[in-house]
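Have a look at the structure below, then the notes.
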Amino acid sequence: MSASLTTTGPEDPGPTGRHEYVDPRIAEPPGGVTERGPVFVWSRGSAPTTPFGAVDVALLQHLVDTDLSDADVSRADIAVAVTFTSPEAARGTAERLRADLPRAVTRYDHRDAVVVLGSSVFVRGIPSPAANRSVRGLLRGYPGDVLVEGDRYGEGSIVADLSCRPTERARAQVLAGDLDDYASTPFDFFLRPPWARPALTGSERLARSTYTRFNDFLEDAADADPETQELWFHYREAHRQGDVDRMSRVQNRISERRRELSPARLEGEYDPKTLAALRTEPLALDAKPRWSVRVGRRMGQLPVRRQAGDLVAGRDRDLVASPALLTVRLGERLDISTFLPIGHFAPSLASLVLHLHRAGCADVRYRLLDWDDVRVD
């Protein structure tokens, strides 16, 4: 099993519990889900119930197409989301809000500053704390649950829980597999999310699944390897004692041992060139960024550029800060928890809903939450 995908049968009672990170060496994740790696499940003890309503493809695509470029969106920009009980209530509020909203408070054209997604209204591209206060003051006259992103020095973020009903099981399995493979990859690969354009090619999909299977193999091999287990014991001891030099030496040996355990081949279908590249992961930290970009190109990568000596993604609008925080469950419904790029949340959510719709998912329901309410660090 990979880092985030859980497949359940019809008898499964569904996700329970709340968002939380779990170290599998310490405890089982909540909700009866057995997984490796950090996961979070439903944050309110039940599946989301807010209806998204009919998927208007043209409207959602317009929202994606009119998303401001990274050059026009400052990392200090703020967006406000207000969620109502129904899409009808959201649409009615959006019309009134457009009439009330001062034209100088967002970077967008006035019509595109206020957008409707499902049962939520977004006011986006708010360029300053003063403009945010103006918008928040205006929203006090409206009912609905208000969330703000980008208002806490880049830390303000919105988490989305989504659930939909697959209409074709085979397509749902491909969809869930793509999401899961993406969630299993490191951030440093700078991969496109499956919902971002262009769509994954067959070779990119195979390269991603090769990485997932390669990493699963190594995790299982390390769990069964006495030397690796002993090394981790020494690493924890060095950490407890504050012995940084010893920690570094042990970590280097863990990396060496990982390379020694890496498989020359995998069972089933895989990409031999991707596997060969994965087996050449350098031990030197300063060599890893270039290696990560080289491997990531095989998997469907975002544009990458150099900034202040570091390699960074050249398109923030599709950059998910931590793919590992995407959690996927496939049972009679497809359930997803994730957070999306700060500054581009609304168009990213539109892209994700479009992706689900095009893969045959119906009856989309969702919930928006403040990241600070569900994080545990």
**OP:** Taking atom types as modelled, find out whether Gln229 and Asp225 have a side-chain donor-acceptor pair closer than 3.5 angstrom.
**Re:**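 No, no side-chain donor-acceptor pair sits under 3.5 Å.
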Subject >> Side-chain donor-acceptor contact under 3.5 Å, Arg365 with Thr49 >> reply: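 No.
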Close side-chain approach of [X] to [Y], heavy-atom, < 4.5 Å:
| X | Y | answer |
| --- | --- | --- |
| Arg124 | Thr106 | no |
| Thr201 | Ser203 | yes |
| Val121 | Val115 | no |
| Tyr366 | Thr83 | yes |

Nearest heavy-atom pair of [X] and [Y]: which atoms, and what distance?
| X | Y | answer |
| --- | --- | --- |
| His355 | Pro194 | CE1-O, 3.3 Å |
| Ala172 | Pro166 | CB-CB, 3.5 Å |
| Leu285 | Pro289 | O-CD, 3.3 Å |

Distance check, rounded to the nearest 0.5 Å: [X] atom [atom1] versus [Y] atom [atom2]?
| X | Y | atom1 | atom2 | result |
| --- | --- | --- | --- | --- |
| Leu147 | Phe345 | CG | CZ | 8.5 Å |
| Leu162 | Arg333 | CG | CZ | 10.5 Å |
| Gln251 | Arg246 | CD | CZ | 13.5 Å |
| Ser163 | Phe52 | OG | CZ | 14.0 Å |
| Asp56 | His62 | CG | NE2 | 11.0 Å |
| Arg358 | Leu175 | CZ | CG | 13.0 Å |

Original post:
Considering residues at least two apart in sequence or located in another chain, which fulfil the ring-ring contact (aromatic ring centres under 6.0 Å, His included) criterion with Tyr235?
Top reply: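 Partners of Tyr235 under the ring-ring contact (aromatic ring centres under 6.0 Å, His included) test: Trp232.
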**OP:** Using ring-ring contact (aromatic ring centres under 6.0 Å, His included) as the criterion, list what pairs up with Tyr270, not counting sequence neighbours.
**Re:**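 None.
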Subject >> Residues, nucleotides or ligands: over 12 heavy atoms within 6.0 Å of Glu269 CD >> reply: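 No.
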Original post:
Does Trp195 belong to the same Ile/Leu/Val/Met/Phe/Trp/Tyr cluster as Val57, with side-chain heavy atoms less than 4.5 Å apart forming each link?
Top reply: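 Result: yes, single cluster for both.
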If you measure from the Lys or Arg side-chain nitrogens to the Asp or Glu carboxylate oxygens, is any gap between [X] and [Y] under 4.0 Å?
| X | Y | value |
| --- | --- | --- |
| Arg298 | Glu204 | no |
| Arg367 | Asp161 | yes |
| Asp188 | Lys288 | no |

Original post:
For Arg205, which of Asp181, Thr210, Asp178, Asp271 qualifies under side chain to side chain donor-acceptor pair (under 3.5 Å)?
Top reply: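 Checked Asp181, Thr210, Asp178, Asp271 against Arg205; only one passes side chain to side chain donor-acceptor pair (under 3.5 Å): Asp178.
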**OP:** Give the ring-plane orientation class for Tyr211 versus Phe214, where under 30° counts as parallel, over 60° as perpendicular and anything between as tilted.
**Re:**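 It falls in the tilted class, 30° to 60°.
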**OP:** Sequence neighbours left out, what passes side-chain contact (heavy atoms from CB on, under 4.5 Å) with Asp145? Give chain and number order.
**Re:**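 Residues passing side-chain contact (heavy atoms from CB on, under 4.5 Å) with Asp145: none at all.
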Original post:
Is the backbone of Pro303 close enough, under 3.5 Å, to the side chain of Arg192 for a donor and an acceptor to pair up by distance?
Top reply: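 The answer is no, because no donor-acceptor pair under 3.5 Å joins these two groups.
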**OP:** With Glu256 as reference, evaluate Arg253, Arg258, Arg259 under the salt bridge (charged side-chain N to carboxylate O under 4.0 Å, His left out) test and give the passing residue.
**Re:**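 Running salt bridge (charged side-chain N to carboxylate O under 4.0 Å, His left out) over Arg253, Arg258, Arg259 with Glu256 returns exactly one hit, Arg253.
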